[in-house]
Amino acid sequence: MLDVKLIREKPEEVRANLARRHDPAKIELLDHVIATDKEWRELTGRVNELRRRRNEISSEIGRVIKSGGDASSLKEEASSIPSQLKELESEMSNADERLRDGLMRLPNMLHESVPYGEDDHDNVEIRRWGKKPEFSFEPKSHAEITEALGISDFERAAKTAGAGFYYLRNEFALLDHAVQRYAIDFLLKRGYALIEPPFMLRRAAYEGVTDLADFESVMYKVENEDLYLIATSEHSVGSMLMNETVLAEDLPIKVCGISPCFRREIGQHGRYTKGLFRVHQFHKIEQFIFSKPEDSWELHEELQRNSELLYEGLGLHYRVVNVCTGDMGSIASKKYDIECWMADGEFRETGSNSNCTDYQARRLNVKYRLKEGAAPEGFVHTLNNTAIATSRTMVALIEQYQQEDGTIRVPDALQPYMNGMKVIDGSLNPLHF
RNA sequence: GCAGGGGUAGCCAAGUGGACUACGGCGCCAGUCUUGAAAACUGGUUCCCACCCGGGACCAUGGGUUCGAAUCCCAUUCCCUGCGCCA
């Protein structure tokens, strides 16, 4: 959420920033917010004036009664106020609700280093690591490879849960855990606190961390409960400090969040949906940081280095793109995506690194103070970055490490987490169906 | 799930319809004093509107009763204790 004062004081700055997004609806929304804010302030003034009168008369009544006098004429004068007040207050809270709703839908201010562009084609590649894998044979997709090895079963998952689900078997399930432990150990060594958070959140917490439109297209809701399955541990880790004021000396708070992630992925059918690339559930090791405002841009780069080192440790060929203005979601101020090379020759997103500045913190009301006992200094900044999303990382691993005989080489860094296994060949406790 | 007790500012804590402008203490900020610091004293400490005076809101959250609610009523939520259930 943006600071409404920024919108009041520098509306042209906000408008110019919004214009970079190629989304005229957001400009209209800004105008709506400005008008609603004006309306709200006017109503607030009238309500406060009426309340002042009521308070005056009421305390006068109190004084008269205490001194044994007759307050009935004063009471009569006061009796008309509550109904007037109630009407004005309901107008005011209506305006307040519309203002808040508008503010919750206005996106974050984009950082000046975000490249201008219309959609993901305009994202700017800033780095490429490793070599494109060379094969003496026609490389296959991870779905083909793993089904042939008997370690994945997408068909039966479609039968029992629908498209976008999977049964991972034996080496594949082990690989899922191996990449998680690999990422966890990497972050533990760097001082990140390990947190396994709630896998469901209430709406009030959720609204603080996510774009409201996501509720329609992304979130699974639990029936008859005010609970939503989390789409990433970013959401439950981020909302952990909701309505709290932390000490500056405790910042930055660096967290390694681990959780399953659940996503409906409405409207994504047909977009590279075969196999494990786009699924309704996966595991993710997430990096999350609460920081002082002045530190967030440096920490954004630290998070980026962490992700790249993780992929380099796995020997995966990847590139980094600076996400352009037209491809940016509403929460982040700046975002880097990491894209790994896949067997069809394309680089596809496997992770995403965002500096959300104070946008989430203002929604969640997470502040910091300089000393114990001091008044709050301001809102913290929040950052989040994928460490490893198991599904997509495994797609890249399997497709880049596939061998001509249909087996998959296990990267050195993962072998300790795979009980020393060097090659995945489907021989671990095979299932004959 | 049932029964009882509770939630007051950064922390502790008083307050059961009008003296609440929420007592008091600790912490924190500023000033006075001091070579400097401590102590002492004075003012301040959350949010909103106006920002010059000032006004409004906030006692877990949301409603209600009343001229007036931290205080009374209802719902929700969280914590504690006991019982029940349970991996």
Side-chain angles (χ1 to χ4, degrees), chain A residues 1-11 33-104 196-208 222 224-228 236 239-251 253 290 292 358 361-380:
Chain A
M1 190 161 71
L2 296 182
D3 186 354
V4 71
K5 284 179 189 160
L6 177 71
I7 294 170
R8 269 176 214 156
E9 288 161 17
K10 298 175 180 171
V33 164
I34 291 170
T36 310
D37 177 50
K38 205 176 154 199
E39 188 186 338
W40 173 80
R41 277 191 287 169
E42 201 221 273
L43 284 164
T44 300
R46 288 166 63 195
V47 164
N48 283 351
E49 177 57 22
L50 202 53
R51 282 175 176 166
R52 188 186 61 76
R53 263 179 56 207
R54 180 203 58 192
N55 292 349
E56 252 171 30
I57 297 174
S58 290
S59 49
E60 181 62 21
I61 289 172
R63 270 194 295 277
V64 169
I65 289 174
K66 276 276 189 260
S67 62
D70 176 14
S72 54
S73 64
L74 279 169
K75 280 195 185 181
E76 196 174 325
E77 190 188 343
S79 64
S80 70
I81 293 182
S83 61
Q84 292 177 54
L85 196 53
K86 200 167 180 178
E87 198 171 313
L88 262 184
E89 278 174 340
S90 91
E91 277 184 61
M92 181 187 73
S93 64
N94 178 284
D96 185 43
E97 210 169 291
R98 281 181 285 123
L99 174 61
R100 189 172 166 80
D101 185 72
L103 281 171
M104 289 293 273
E196 181 171 303
F199 300 160
M200 300 175 222
L201 290 178
R202 290 197 176 137
R203 179 138 192 161
Y206 231 112
E207 286 186 349
V222 179
N224 297 327
E225 302 280 345
D226 175 26
L227 287 172
Y228 295 81
S236 32
S239 54
M240 177 169 70
L241 296 178
M242 182 167 73
N243 294 328
E244 292 192 40
T245 302
V246 297
L247 271 178
E249 68 188 45
D250 293 331
L251 297 172
I253 297 168
F290 299 93
K292 287 187 271 190
D358 62 358
R362 184 171 279 108
R363 285 172 166 236
L364 287 167
N365 189 29
V366 183
K367 297 178 180 176
Y368 69 105
R369 66 178 91 251
L370 295 179
K371 279 185 183 174
E372 191 77 63
E377 186 70 11
F379 293 101
V380 301

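Lettering of chains follows the sequences in order, A, B, ..., and the numbering in each one begins at 1.
- B:A9 and B:C74: their C1' atoms are spaced 27 Å apart (whole Å).
- Between B:G10 and A:K371, no contact under 4.0 Å exists linking OP1 or OP2 to a side-chain N or O.
- Of the side-chain N and O atoms in A:K86, one or more sit less than 4.0 angstrom from OP1 or OP2 of B:G64.
- We find that CD of A:E372 is positioned 14 Å from C1' of B:U45, with the value rounded to whole Å.
- Under the Watson-Crick and G-U wobble criteria, each requiring two contacts below 3.5 Å, nucleotide B:G15 is paired to B:U8.
- Put simply, the residue from A:R100, A:R98, A:R41 that forms a side-chain contact (heavy atoms from CB on, under 4.5 Å) with A:T36 is A:R98.
- Counted within 6.0 Å of CZ on A:R54, heavy atoms from surrounding residues, nucleotides or ligands total more than 12; the atom is thus considered enclosed.
- Within 4.0 Å of A:R46, counting heavy atoms only, lies no atom of the nucleic acid at all.
- Note on A:R63: nothing from the nucleic acid sits closer than 4.0 angstrom, heavy atoms only.
- For the P atoms, the distance from B:C26 to B:C41 is 10 Å, rounded to whole Å.
- The partner of B:C83, taking Watson-Crick or G-U wobble pairs whose two distances both stay under 3.5 Å, is B:G1.
- Put simply, CG on A:L85 is 13 Å from C1' on B:U66, counting in whole angstrom units.
- Other residues, nucleotides and ligands contribute only 12 or fewer heavy atoms inside 6.0 Å of the CZ atom of A:R53.
- For the pair A:D3 CG and B:C47 P, the interatomic distance rounds to 12 Å; values are reported in whole Å.
- Pair check for B:U76 finds B:A60; Watson-Crick or G-U wobble, both atom distances under 3.5 Å.
- Pair assignment for B:U71 gives none, since no Watson-Crick or G-U wobble pairing has each distance under 3.5 Å.
- Going from the C1' atom of B:A19 to that of B:G25 covers 22 Å, rounded to whole Å.
- Heavy atoms of other residues, nucleotides or ligands lying less than 6.0 angstrom from CE of A:M242 number more than 12.
- Across all strands, A:I65 comes closer than 4.0 Å to base atoms (heavy-atom distances).
- B:A69 and B:A3 are spaced 29 Å apart, taking the C1' atom of each and rounding to whole Å.
- With rounding to whole Å, A:N55 atom CG is found 18 Å from B:U66 atom P.
- Interatomic distance, A:E77 CD to A:I61 CD1, rounded to the nearest 0.5 Å: 8.5 Å.
- The interatomic distance linking A:E60 (CD) with B:G68 (C1') rounds to 13 Å, in whole Å.
- The closest side-chain donor-acceptor pair between A:R52 and A:N48, if any, does not fall under 3.5 angstrom.
- For the P atom pair drawn from B:C23 and B:U46, the interatomic distance equals 15 Å after rounding to whole Å.
- To the nearest 0.5 angstrom, A:N365 atom CG is 8.5 Å from A:M1 atom CE.
- Interatomic distance, OH of A:Y206 versus OG of A:S236, reported as 7.0 Å (0.5 Å rounding).
- Listed nucleotides: B:U46, B:G55, B:G68. Nearest to the side chain of A:A375: B:U46.
- Mapping A:A374 and A:K367 onto RNA chain B by nearest heavy atom places A:A374 at the nucleotide closer to the 5' end.
- The interatomic distance linking A:M242 (CE) with B:U77 (P) rounds to 15 Å, in whole Å.
- To the nearest whole angstrom, the two C1' atoms, one in B:G82 and one in B:G63, are 32 Å apart.
- Between A:R51 and A:G62, the one whose closest nucleotide on RNA chain B sits nearer the 5' end is A:G62.
- Atom name C1', nucleotides B:A14 and B:A22: the rounded distance is 9 Å, in whole Å.
- Spacing between atom CG of A:L247 and atom C1' of B:C11 amounts to 12 Å, rounded to whole angstrom units.
- If you take CG of A:N365 and P of B:G10, they are 11 Å apart, rounded to a whole angstrom.
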>> What does the B/S/- profile of nucleotides 48-54 of chain B look like, 5' to 3', with a 4.0 Å heavy-atom cutoff to protein?
In response: SSS----

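- For the atom pair CZ of A:R362 and CG of A:L103, the computed distance is 9.5 Å after rounding to the nearest 0.5 Å.
- Nucleotide B:C28 forms a Watson-Crick or G-U wobble pair with B:G44, both donor-acceptor distances falling under 3.5 Å.
- Taking atom C1' on both nucleotides, B:C33 is separated from B:A40 by 9 Å, rounded to a whole Å.
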